[in-house]
Colleague: 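Below you'll find the structure I mean.
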2 protein chains.
Amino acid sequence: MQQVELDEDRNLRTAADRVFEALQDAIVRGDLKPGARVGETDLALRFGTSRGPLREALRRLESRHLVERTPHVGIRIASLEQHALIELYFLREALEGMAARLAATHMTDSEIEGIKALLAAHEKDEALKADTAYFQREGDLDFHYRIIHGSHNGALIELLVGELYHRIRMYRYQFSAYANRPQRAFREHQRIVEALEARDGDLAEMLMRRHISSARQNIENHLKESP
Amino acid sequence: MQQVELDEDRNLRTAADRVFEALQDAIVRGDLKPGARVGETDLALRFGTSRGPLREALRRLESRHLVERTPHVGIRIASLEQHALIELYFLREALEGMAARLAATHMTDSEIEGIKALLAAHEKDEALKADTAYFQREGDLDFHYRIIHGSHNGALIELLVGELYHRIRMYRYQFSAYANRPQRAFREHQRIVEALEARDGDLAEMLMRRHISSARQNIENHLKESP
DNA sequence: CTCGAGGCAATTGTCGACAATCGAGTTGAC
DNA sequence: GTCAACTCGATTGTCGACAATTGCCTCGAG
């Protein structure tokens, strides 16, 4: 049993907060294997706290679908099944499509400048790294985050950033091999930004939906080949 | 301080489950006024349990945005602001639009028969009750539930039914006066079902989005007139 | 040998008490 | 008279112990 170092730097208010963040990181990054069964007592010892705050952290993780609890039985790390990932992509298509539509009318000029600068940085970086996907992948997340926030719709932001994206990031860490075609994705990003700049909500939504839909189809094809 | 009767009938597994359901009902139905500050000790006494299970219930309600917690300060019943309701309708438009699209291809024939029967019942009932909105409103929820489930997308169902619709029901109970134009809504429902029957996903999504979008605009107009 | 019932260990659910933190009211100085 | 600091009360956060439920293992019968 290994003791885990908690983030004391950012002095989060309560012990439950610290445990929650530490556990979420451990799950998303794969330190705790998907499907593994974990006991409350073990975890409490490992994180150096009592079972009270730990249970609170677990409840929050459960509401984010990162762990699964069954009463009187125990806790399992969320198992990532492929069909669940596909389902998530339909949610993303609907929600981020709407985010792009709203962003086209609600983004400020400086926000659009910011996302253009981000793309410019990607272009240089991508020219260097070609297909080394890691940085591109984080950059991809950054791009989507900016558009989501650009919607200026609090409920939408909270839903996507606060609840859904942790699950998606977990899948990315685990199934790291899905080549998400950086060059093509980059071109699609460019077109979406053009639509935002033109304040064309209809077009922005359509392009975003195609972007996510083709990413989903790409994954589905990979799954068919190597299940 | 009034003792609250808990549902002992359906013998829910844990005390936390019972408190959660009772509290959720109390909030959605307005027994606990929005924005009111409540103390853990009071609630624990009122529901005849300890603070442990109560805190678990509060955690779950927080993740559904029915209560707001600030550390070391306390709990407030979620205050329903009008702009938040509008934001929710954009989520509904995106998600239920997608649900309708998926339902058009994934609904079974018997599910479609069921929703047609539901509409037929509404037609007779509506002819009788004209604009008495209550039953129509519950029927409206039933209609939407069926299409959501018809998507056969677990993540989408869980998100809409398990997380979003409780907030929407809360608003319905509070702002009960929004005449949601039963006749027009009924016609729109009919057309959506026609699209489902024709297995036309594009059309079903478009009609559902218009349906929800016009409901939102209707609310926005009411808010402008009587803020 | 297989199946079912019963007991046992382990884990979770629940409780009450203690400690930490925040907000309000009061008191004092400028 | 106003502002700031301090004290006090109340509320939440945390802990450890006890009770309840589950799953597994053993034992016995067919």
Side-chain angles (χ1 to χ4, degrees), chain A residues 1 3-24 27 32-33 35-63 65-79, chain B residues 1 3-24 27 32-33 35-63 65-79:
Chain A
M1 175 110 42
Q3 182 95 5
V4 169
E5 191 76 13
L6 293 186
D7 263 0
E8 300 286 357
D9 309 326
R10 311 149 64 190
N11 43 358
L12 294 173
R13 299 327 249 183
T14 77
D17 286 333
R18 289 193 293 274
V19 177
F20 170 72
E21 284 222 344
L23 252 175
Q24 175 167 265
I27 294 173
L32 291 169
K33 298 264 182 313
R37 195 168 167 284
V38 293
E40 291 184 359
T41 317
D42 300 349
L43 287 179
L45 267 152
R46 204 188 312 197
F47 288 96
T49 180
S50 152
R51 273 180 55 217
L54 181 99
R55 282 171 65 92
E56 169 155 348
L58 285 176
R59 274 173 247 140
R60 281 202 258 174
L61 291 170
E62 184 191 17
S63 76
H65 297 89
L66 292 178
V67 303
E68 297 164 2
R69 297 181 60 188
T70 48
H72 296 283
V73 173
I75 310 133
R76 308 181 71 86
I77 308 299
S79 57
Chain B
M1 177 108 44
Q3 183 95 6
V4 168
E5 191 76 12
L6 293 186
D7 263 0
E8 300 286 357
D9 309 325
R10 311 148 64 191
N11 43 357
L12 294 173
R13 300 326 249 178
T14 78
D17 287 333
R18 289 193 293 275
V19 177
F20 171 72
E21 284 221 347
L23 252 176
Q24 174 165 268
I27 294 173
L32 290 168
K33 299 263 182 314
R37 196 168 168 286
V38 293
E40 290 185 0
T41 317
D42 301 349
L43 287 179
L45 266 151
R46 206 189 311 198
F47 287 96
T49 181
S50 152
R51 275 179 55 216
L54 182 98
R55 281 170 67 90
E56 166 153 352
L58 286 176
R59 233 348 135 192
R60 284 201 257 174
L61 291 170
E62 184 192 16
S63 76
H65 298 88
L66 292 178
V67 304
E68 297 164 1
R69 299 182 63 188
T70 48
H72 296 284
V73 173
I75 309 132
R76 308 181 72 87
I77 308 299
S79 57

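Here is how names work: the chains are called A, B, and so on, in the same order as the sequence lines, proteins then strands, and each is numbered from 1.
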Colleague: Verify side chain to side chain contact (heavy atoms under 4.5 Å, CB included) between B:Arg60 and B:Asp17, making sure each step is shown before the conclusion.
Modeller: CA-CA 10 Å; B:Arg60 284 201 257 174; B:Asp17 287 333; 2.6 Å; yes
Colleague: Which heavy atom of B:Ala16 sits nearest to which heavy atom of B:Ala57, and what is that distance?
Modeller: O-CB, 4.1 Å
Colleague: Quick one: do A:Lys33 and A:Ile77 satisfy side chain to side chain contact (heavy atoms under 4.5 Å, CB included)? Show the steps, please.
Modeller: CA-CA 7 Å; A:Lys33 298 264 182 313; A:Ile77 308 299; over 6 Å; no
Colleague: Among all residues two or more places apart in sequence or in another chain, which pass the side chain to side chain contact (heavy atoms under 4.5 Å, CB included) test with A:Ser79?
Modeller: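 If we apply the side chain to side chain contact (heavy atoms under 4.5 Å, CB included) test to A:Ser79, skipping adjacent residues, the hits are A:Glu68, A:Glu81.
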Colleague: Report the residues that fulfil side chain to side chain contact (heavy atoms under 4.5 Å, CB included) with B:Arg76, sequence neighbours left out, ordered by chain and then residue number.
Modeller: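 B:Arg76 satisfies side chain to side chain contact (heavy atoms under 4.5 Å, CB included) with B:Arg37 only.
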Colleague: Round to a whole Å and report the spacing from CZ of A:Phe20 to P of D:dG13.
Modeller: 15 Å
Colleague: Nearest whole angstrom, please: distance from the P of C:dT11 to the CG of A:Leu58.
Modeller: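 In whole Å, C:dT11 P and A:Leu58 CG are 15 Å from each other.
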Colleague: Holding to side chain to side chain contact (heavy atoms under 4.5 Å, CB included), I want the full list of residues that pass it with B:Glu62, two or more places apart in sequence or in another chain.
Modeller: B:Arg59, B:Val67, B:Arg69
Colleague: Can you give me the N/O atom pairs linking the protein to nucleotides 14-19 of chain D at distances under 3.5 Å, or say none if there are none?
Modeller:
from	atom 1	to	atom 2	distance (Å)
D:dT14	OP1	A:Ala15	N	2.4
D:dC15	OP2	A:Thr49	OG1	2.9
D:dC15	OP2	A:Ser50	N	3.1

Colleague: Would you kindly give the CG-to-P distance between B:Leu43 and D:dT11, to the nearest whole Å?
Modeller: 12 Å
Colleague: Which residues in residues 68-76 of chain B have a heavy atom closer than 4.0 Å to any atom of DNA chain C?
Modeller: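 B:His72, B:Val73 - these, ordered by number, are the residues of the stretch whose heavy atoms sit under 4.0 Å from the strand.
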Colleague: Determine the sole option in B:Leu45, B:Ile75, B:Leu43, B:Thr41 for which the side chain to side chain contact (heavy atoms under 4.5 Å, CB included) test with B:Leu54 is passed.
Modeller: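 Only one of B:Leu45, B:Ile75, B:Leu43, B:Thr41 forms a side chain to side chain contact (heavy atoms under 4.5 Å, CB included) with B:Leu54, namely B:Leu43.
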Colleague: Apply the test side chain to side chain contact (heavy atoms under 4.5 Å, CB included) to residues A:Leu58 and A:Leu23: give CA-CA distance (whole Å), side-chain angles for both, the deciding distance (0.1 Å), then the verdict.
Modeller: CA-CA 8 Å; A:Leu58 285 176; A:Leu23 252 175; 4.1 Å; yes
